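Down below is the structure, laid out as structure tokens.
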Amino acid sequence: MKVRVDADICAGFGVCLGLCPEVFELHDDGYAVVLVAEVPEEFEEAVRAAVGQCPANAISISDE
């Protein structure tokens, strides 16, 4: 699974970071960035939760 944060949409709420700090972090500008190229299996559920709970709907996943 791959995850992406759309920087044009992200509002820096940090919900994703709270749910999965192993995959997301807040960049110096206050917006979320993805730390991994491929989401480790043990974090997939947390990443899906982050997608569903992102207030700005800035996170997407793909199975590419």
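Keep in mind the model is a prediction, meaning the values are calculated, not measured. Keep in mind that the numbers below use all heavy atoms, side chains included, and drop hydrogens, waters and symmetry copies.
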E42, CD: over 12 other non-hydrogen atoms inside 6.0 angstrom: yes
What pair of heavy atoms forms the shortest contact from P55 to V15, and how long is it? CD-CG2, 3.8 Å
Grab the two heavy atoms, one from V47 and one from M1, that are nearest each other, plus how far apart they are. CG1-SD, 4.1 Å
Salt bridge (Lys or Arg N to Asp or Glu O under 4.0 Å) pairs, two or more places apart, involving residues 12-39: K2-E38
May I ask you to test the L35-V23 pair for a side-chain heavy-atom distance under 4.5 Å? no
Are more than 12 heavy atoms, taken from residues, nucleotides or ligands other than Y31, located less than 6.0 Å from that residue's OH atom? no
Separation of C20 SG from R48 CZ (nearest 0.5 Å): 12.0 Å
Do F24 and V33 come close enough that some side-chain heavy atom pair is under 4.5 Å? no
Any side-chain heavy-atom pair from C16 and I59 closer than 4.5 angstrom? yes
Closest contact, heavy atoms only, V5 versus A32: CG1-O, 3.6 Å
Let me check something: do I61 and V34 share a hydrophobic cluster, defined by ILVMFWY side-chain heavy atoms less than 4.5 Å apart, either directly or through other members? yes
Side chains of V51 and S60 in contact at under 4.5 Å (non-hydrogen atoms): no
